[in-house]
Amino acid sequence: MVSASISSLYSFMFFFSLLFISVSVSSSRIIQSSDPTPTPWPHQFHSILVMNFSGSNEIINLWYDWTNGRNFNIIQKQLGGITYDCEWNNGTSFFWTSDKKCSSAQLQVGILTPNWLDGANYLGQQKIDGFLCNVWEKADFITYYEDVVTKRPVHWVFYTGRSAHVMTFEVGAVLGDEHWQAPSYCFDGTEKEDNGSDGIIESSMEGVLRSKMGGLSMYL
């Protein structure tokens with residue numbers, strides 16, 4: 001009887017061990033199979049982007065300053081002029097050029113929030129620009145590549161094909177307050193007449209990620 005009881009106990013323990021291993025393996029697979037999520041943008045950073053669209057190149061100095069509710073894109077066209085795009089969290093944006101053209105816009109939303117990529121669709125991993133990246137798609141508008149190791153943005157592509165190559169990413173870098181002010185000719189009527197303010201806007205970036213991926217928010 002004792003021997004039978006011990007045998008039954010061993011059988012039960014063996015069965016329990018197998019069950020525990022099975023549950024552990026299943027749990028591990030569930031954890032491993034969960035998709036990664038994009039890293040939120042730091043509240044302040046400076047990035048240099050090389051933009052390409054159908055062979056046309058631009059360099060953008062992007063200053064993102066969520067702490068102070070502002071975003072600044074300084075766009076240098078290849079062998080051309082400079083366009084300045086200054087956006088504020090109250091929805092006001094100013095666009096001016098090195099030849100004193102100026103326009104403004106009042107959008108329904110402010111600048112992109114640090115977690116603007118929340119809810120993006122994970123597409124897997126891909127090597128681009130020499131980096132192994134996790135890749136997401138957001139609202140059928142932008143494909144975003146983030147370095148697997150450092151979690152820094154590496155590359156993104158708009159639905160039109162315009163692409164951004166992230167050359168530098170300086171977390172915590174802040175542009176001095178004096179550089180954020182639109183020039184006086186944007187307010188005193190001395191700016192050159194702009195017969196196509198939309199042209200300034202559209203030529204400076206892909207277009208405000210309209211409504212925070214549901215409509216409008218950031219030009220790149």
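Heads up: numbering here begins at 1 and tracks the sequence. Just so it is clear, the structure is predicted and the values come from calculations on it, not from any experiment.
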Distance under 6.0 Å and angle within 45° of ring axis: Arg162 vs Phe53: yes

Ring centroid separation Phe95 to Tyr84 under 6.0 Å: no

Parallel, tilted or perpendicular: ring planes of Tyr64 versus Trp41, cut at 30 and 60 degrees: perpendicular

Flag for Glu137-Thr143: side-chain donor and acceptor within less than 3.5 Å: no

His155 and Tyr145 aromatic ring geometry - parallel, tilted or perpendicular at 30°/60° bounds: perpendicular

Residue pair Asp65, Asn71: steps toward the side chain to side chain contact (heavy atoms under 4.5 Å, CB included) verdict: CA-CA 6 Å; Asp65 190 354; Asn71 185 77; over 6 Å; no

Residues Trp156, Leu49; criterion side chain to side chain contact (heavy atoms under 4.5 Å, CB included); working and verdict: CA-CA 10 Å; Trp156 57 80; Leu49 312 174; 3.8 Å; yes

Ring center gap for Phe187 and Phe94 short of 6.0 angstrom: yes

Plane angle bin for Trp63 and His46 - parallel if under 30°, tilted between 30 and 60°, otherwise perpendicular: parallel

Trp66 and His43 aromatic ring geometry - parallel, tilted or perpendicular at 30°/60° bounds: perpendicular

Asp118 backbone acceptor or donor facing Lys138 side chain under 3.5 Å: yes

Within 6.0 angstrom of Lys127 NZ, more than 12 heavy atoms from elsewhere: no

